[in-house]
Novice: 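Let me give you the structure first, and then I'll get to my questions.
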Amino acid sequence: MSAAGFFIEPLATHNRSTFTCGEASVDSWFRERAGQMSRRGLAAVHVLIEEATGTVAGYYTLSNFTVNISELPAALAKGMPRNIPLPAHLIGQLGVDARYQGRKLGDMLLYDAVKRAERMTGDSASLGVVVHALGERAADWYRRNGFEPFPDFPMHLILRMQDIRALP
């Protein structure tokens with residue numbers, strides 16, 4: 001999935017100071033912590049760049065993660081090992097600058113993140129991609145994109161790797 005006039009690349013020396021998506025924690029994390037977390041190897045930060053201006057239109061982070069089988073939806077937990085944490089990927093942050101919202105760029109970022117996780121799964125196993133939605137509106141958006149909520153933590157959702165593989 002792509003949008004004309006935009007591309008995704010790893011965070012480098014991009015100007016993050018004016019990024020505002022409307023969620024204060026997402027904004028401040030990107031402006032104040034993204035560089036440090038990236039340099040420390042704690043989050044792979046990917047930025048969506050508008051080609052014409054070089055402006056950061058959005059970003060997401062992808063990290064390794066583990067889940068406990070007891071937290072998973074029953075259908076996903078069936079047949080899984082019960083005595084070890086299960087490998088997954090985590091989209092820890094995702095935001096689209098307010099100036100670019102309404103153009104489906106969040107969908108582009110999400111698609112890039114899950115397909116990137118799929119590619120990495122060939123070298124390092126992963127059950128799927130997990131997100132921790134910050135609110136009901138975000139959780140609804142993730143559910144519309146195929147994510148399933150954890151039974152006891154409905155703001156934590158997972159998209160199974162087998163479902164990611166089925167995406168075009």
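Computation of the quantities below employed the complete heavy-atom set of this structure, encompassing side-chain atoms and omitting hydrogens, waters and symmetry-equivalent molecules.
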Novice: Once side chain to side chain contact (heavy atoms under 4.5 Å, CB included) is applied, do any residues pair with Thr20, and if so which ones, sequence neighbours excluded?
Specialist: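 Listed in chain order: Asp27, Arg31.
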
Novice: In a table with atom names and distances, give each donor-acceptor pair under 3.5 Å that connects a side chain of residues 65-74 to protein atoms at least two apart or in another chain.
Specialist:
none

Novice: Quick one: pull up CD in Gln93 and OH in Tyr60 and give me the separation to the nearest 0.5 Å.
Specialist: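 Answer for the CD-OH pair, Gln93 versus Tyr60, is 13.5 Å.
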
Novice: Of the non-hydrogen atoms in Val96 and Gln101, which two are nearest, and what is the gap between them?
Specialist: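 Closest heavy-atom pair between Val96 and Gln101: O-NE2, 2.7 Å.
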
Novice: Write down the atom of Val129, the atom of Ala117, and the distance for their closest heavy-atom approach.
Specialist: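 Here Val129 and Ala117 meet closest at CG2-CB, 3.6 Å.
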
Novice: Between Leu127 and Leu76, does the side chain to side chain contact (heavy atoms under 4.5 Å, CB included) criterion hold? Intermediate values first, please.
Specialist: CA-CA 9 Å; Leu127 181 64; Leu76 186 55; 4.1 Å; yes

Novice: Among pairs that include at least one residue of residues 80-92, which meet side-chain hydrogen bond (donor to acceptor under 3.5 Å, both in side chains), considering only residues two or more places apart or in two chains?
Specialist: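 Counting only pairs at least two positions apart or across chains, the side-chain hydrogen bond (donor to acceptor under 3.5 Å, both in side chains) contacts touching residues 80-92 are His89-Ser126.
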
Novice: By the salt bridge (charged side-chain N to carboxylate O under 4.0 Å, His left out) test, which pairs, at least two apart or in different chains, include something from residues 113-123?
Specialist: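 Those involving residues 113-123 are Asp112-Arg116, Lys115-Glu118.
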
Novice: Going hydrophobic residue to hydrophobic residue with side-chain gaps under 4.5 angstrom, can you get from Val130 over to Leu94?
Specialist: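 Cluster IDs for Val130 and Leu94 differ.
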
Novice: Looking at residues at least two apart in the chain, or sitting in another chain, which of them share a salt bridge (charged side-chain N to carboxylate O under 4.0 Å, His left out) with Asp97?
Specialist: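 Here the qualifying residues are Arg99.
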
Novice: Taking the hydrophobic residues Ile, Leu, Val, Met, Phe, Trp and Tyr, and joining any pair whose side-chain heavy atoms are under 4.5 Å apart, which ones share a cluster with Phe19?
Specialist: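 Phe7, Leu11, Val26, Trp29, Phe30, Met37, Leu42, Val45, Val47, Ile49, Val56, Tyr59, Leu134, which link up through side-chain heavy atoms under 4.5 Å apart, make up the rest of the cluster.
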
Novice: Output the distance between atom CD (Glu23) and atom OG (Ser28), rounded to the nearest 0.5 Å.
Specialist: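 Glu23 CD to Ser28 OG: 9.0 Å, rounded to 0.5 Å.
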
Novice: Answer yes or no: are there more than 12 heavy-atom neighbours, outside Arg103 itself, under 6.0 Å from its atom CZ?
Specialist: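 Atom CZ in Arg103 is packed in, count exceeds 12.
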
Novice: Minimum heavy-atom separation for Gly95 to Leu109, with atom names?
Specialist: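 Shortest heavy-atom separation between Gly95 and Leu109 comes out as O-CD1, 3.7 Å.
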
Novice: Could you note down all residue pairs passing side-chain hydrogen bond (donor to acceptor under 3.5 Å, both in side chains) where residues 132-144 supplies at least one of them, sequence neighbours left out?
Specialist: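 Only Asp107-Trp141, Glu136-Arg143, Asp140-Arg143 qualify under side-chain hydrogen bond (donor to acceptor under 3.5 Å, both in side chains).
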
Novice: Any chance you could measure Leu90, atom CG, to Asn64, atom CG, to the nearest 0.5 Å?
Specialist: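 Reported to 0.5 Å precision, the distance equals 9.5 Å.
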
Novice: Tell me, which pairs form a side-chain hydrogen bond (donor to acceptor under 3.5 Å, both in side chains) where one or both residues lie in residues 39-50, sequence neighbours left out?
Specialist: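 Listed once each, the pairs are Glu50-Thr53, Glu50-Tyr100.
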
Novice: Write down the atom of Ser63, the atom of Ala43, and the distance for their closest heavy-atom approach.
Specialist: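 What the structure gives for the nearest pair is OG-CA, 3.6 Å.
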
Novice: Strictly by side-chain hydrogen bond (donor to acceptor under 3.5 Å, both in side chains), give each pair with a member in residues 6-16 just once, sequence neighbours left out.
Specialist: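 Residue pairs with at least one partner in residues 6-16: Glu9-His14, Asn15-Ser17.
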
Novice: Side chains of residues 153-168: which donor-acceptor pairs under 3.5 Å do they make with residues two or more places apart or in other chains?
Specialist:
residue: Arg160; atom: NE; partner: Asp163; partner atom: OD2; Å: 3.0
residue: Arg160; atom: NH2; partner: Asp163; partner atom: OD1; Å: 3.3
residue: Arg160; atom: NH2; partner: Asp163; partner atom: OD2; Å: 3.1

Novice: Taking ring-ring contact (aromatic ring centres under 6.0 Å, His included) as the test, write out the residues that go with Phe150, two or more places apart.
Specialist: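 Expected list: none.
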
